[in-house]
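Only one structure is covered here, and it is reproduced in the block below.
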Number of protein chains: 2
Amino acid sequence: MRQSCRACSIRARALCGVLPEGALDQINRMSRRRRVAAGRALFGEEEGAGVVATVLAGVAKVSVSLADGRTQVVGLHFPSDFIGRPFAAAPPPLTEAATDVEVCLFERNRFEALLDEHRELKQHFVRQITEDLDAAREWMLLLGHKTAEERVASLLLLCLDRTAPPACAGLEAPTDAGSRFDLPLSRTEMAQYLGLTIETVSRMLKRLSTEGVIGIEHGRGIRVHDRASLAACAERAAA
Amino acid sequence: MRQSCRACSIRARALCGVLPEGALDQINRMSRRRRVAAGRALFGEEEGAGVVATVLAGVAKVSVSLADGRTQVVGLHFPSDFIGRPFAAAPPPLTEAATDVEVCLFERNRFEALLDEHRELKQHFVRQITEDLDAAREWMLLLGHKTAEERVASLLLLCLDRTAPPACAGLEAPTDAGSRFDLPLSRTEMAQYLGLTIETVSRMLKRLSTEGVIGIEHGRGIRVHDRASLAACAERAAA
DNA sequence: CGACTCATTGATTACTATCAACCCGCGTGG
DNA sequence: CCACGCGGGTTGATAGTAATCAATGAGTCG
């Protein structure tokens with residue numbers, strides 16, 4: 001099942017992309033691929049603390065819960081995103097496949113050694129966590145102060161931006177109008193990510209649709225007519 | 001204004017505590033102290049991206065905002081907490097003194113060099129960011145799914161746990177009953193941290209008070225009669 | 001002693017949750 | 001082949017929590 005890192009589809013954008021050519025064989029040997037079906041945990045109960053991974057395809061969700069079952073999705077991992085907690089003492093939060101997922105797995109301790117060896121890698125890794133932290137804080141703003149419609153619009157925007165650019169990097173979206181994508185989350189998962197109920201999510205999608213900002217195709221498919229107006233919906237003043 | 005790291009009150013718990021004795025003189029020379037009055041930014045506009053710091057005394061708050069003024073407090077920094085973003089590209093979020101604050105400042109690039117030199121420091125630093133991320137995610141759960149009363153109780157619990165243990169480390173709170181502390185945040189700041197309005201915060205404090213879980217002393221002072229029941233309030237089932 | 005800020009308290013509104021019914025696509029099995 | 005059940009999604013009616021609007025109280029500083 002091993003494939004060459006040299007041919008990896010997401011290497012350019014992933015953490016490992018900063019490694020010098022010479023190290024590719026090395027990481028090629030210490031990595032393995034894994035497919036996970038939608039709905040299943042990415043790692044085994046015990047395993048989670050001991051591995052790290054990069055998403056090759058699909059979307060993974062991270063969630064935390066209260067004893068009574070209330071669950072909050074706290075993050076999404078799209079292709080090229082890094083998953084895992086080098087040096088951490090606490091166990092990682094539950095990470096599951098939202099869609100079918102393919103990941104590139106590393107033993108955590110071997111990855112830690114790699115971090116020690118390659119200064120570049122270490123810096124990019126720190127940058128990556130910092131971005132995760134920023135994203136979480138952005139989402140706190142959403143959960144604390146945005147209206148239901150703004151929340152749904154924000155999520156659509158996120159999915160659009162992370163899904164749409166399939167290969168183009170460094171450039172702004174060339175065609176600002178008329179892009180489409182499939183939501184990687186069910187209504188239940190969207191609700192858990194947005195701090196809403198599935199009914200409210202459904203109603204807000206409808207509203208955005210009747211407002212003409214998006215089109216909905218058989219549930220999961222979303223067509224964004226105009227990114228700018230969707231962005232406006234994502235943070236228009238409460239008034 | 002320079003003082004010896006050897007005599008630093010929070011060294012045992014702070015990041016710099018992991019450095020060997022031999023490095024103390026070195027960091028002593030590269031650090032400087034700064035006092036910031038409540039309500040003022042910790043760093044200048046330009047300065048923020050170029051420095052890192054450790055909180056010596058007081059509490060700092062981190063916040064993000066929407067264009068229309070809606071503001072979310074996304075984190076608090078208590079004494080011994082680290083502030084700053086080594087290797088980051090994005091500018092840091094606004095960090096202000098909630099109470100009067102005293103910090104120990106380092107130039108960011110010198111701190112980055114220190115991270116490269118000392119493996120121990122690097123690992124603890126990564127652990128620290130990871131904990132920040134976990135804390136943010138915990139708070140997302142609060143903002144997404146907790147009731148107003150649970151939110152207020154959760155904040156009190158946080159302040160209690162970060163304020164109460166003045167020197168004792170490694171031990172559970174010995175006297176579980178009858179501790180008191182002063183809230184480091186105004187009602188407005190509490191509301192911005194909890195995703196509520198100041199009126200609701202005030203009402204919930206009142207409710208917790210009449211429920212007998214806490215006592216309120218002239219606004220900022222909080223007496224916790226029983227930590228366990230406060231913890232219960234912080235995540236009791238919605239029913 | 002006002003002017004001001006911060007907090008409390010009360011009355012009312014409204015956004016979103018809850019409760020409930022229904023639809024749709026799909027796989028099963030009589 | 002179609003009744004049936006089931007999960008996921010939509011739509012509607014109602015209710016409740018917290019926001020909003022509004023007024024009062026307490027503490028501080030000129």
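Owing to the predicted nature of the structure, the values given are computational and were not obtained by experimental measurement. All chains are named by letter (A, B, ...) in the order of the sequence lines, taking the proteins before the strands, and each is independently numbered beginning at 1.
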Sequence-distant partners of B/R40, salt bridge (charged side-chain N to carboxylate O under 4.0 Å, His left out), two or more places apart: none

Which is more 5' along DNA chain D, the nucleotide nearest A/G219 or the one nearest B/M204? Just name the residue. A/G219

How many Å lie between CZ on B/R220 and P on C/dT8, as a whole number? 11 Å

Euclidean distance, atom CG of residue B/L196 to atom P of D/dT20 [Å, nearest integer]: 11 Å

Does A/E199 make a side-chain donor-acceptor contact with the base of C/dC19, cut-off 3.5 Å? yes

Under 4.0 Å: is that the gap between some side-chain N or O of B/T200 and OP1 or OP2 of D/dA19? yes

Which angle, to the nearest 10 degrees, lies between the helix axes at the two ends of the helix from C/dC1-D/dG30 to C/dG30-D/dC1, each defined by five pairs? 10°

Would you say B/K206 reaches C/dT8's phosphate, i.e. side-chain N/O to OP1/OP2 under 4.0 Å? no

Can you check whether any acceptor in the base of C/dT18 is under 3.5 Å from a donor in the side chain of A/R203, or vice versa? yes

Looking at B/D161 and B/R227, does any basic side-chain N land under 4.0 Å from a carboxylate oxygen? yes

Between C/dC15 (P) and A/K146 (NZ): distance, integer Å: 18 Å

Is a donor on one side and an acceptor on the other found under 3.5 Å between the side chain of A/H225 and the backbone of A/G212? yes

side-chain hydrogen bond (donor to acceptor under 3.5 Å, both in side chains): which pairs involve residues 49-67 of chain A, sequence neighbours left out? A/K61-A/E189, A/S65-A/T71

Whole-Å distance, B/Q192 CD to D/dA19 P, equals 13 Å

C/dA17 C1' sits how many Å from A/R70 CZ, rounded? 13 Å

Please check if the side chain of B/K146 supplies one atom and the backbone of B/A234 the other of a donor-acceptor pair under 3.5 Å. yes

Looking at C/dA17, C/dA7, D/dG9, which one has an atom nearest to any side-chain atom of A/S186? D/dG9

Under 3.5 Å: donor-acceptor pair, side chain of B/R33, backbone of B/L105: no

Under a 3.5 Å threshold, yes or no: a donor from one side chain and an acceptor from the other, between A/T147 and A/E150? yes

Nucleotide of D/dA19, C/dT8, C/dT18 approaching A/T197 most closely (side-chain heavy atoms): C/dT18

Whole angstrom is fine here: how far is it from NE2 in B/H145 over to P in C/dT18? 10 Å

Distance check needed: C/dT16 P versus A/M190 CE, whole Å only. 15 Å

Report the distance from atom CD of A/E189 to atom P of D/dG7, rounded to the nearest whole Å. 16 Å

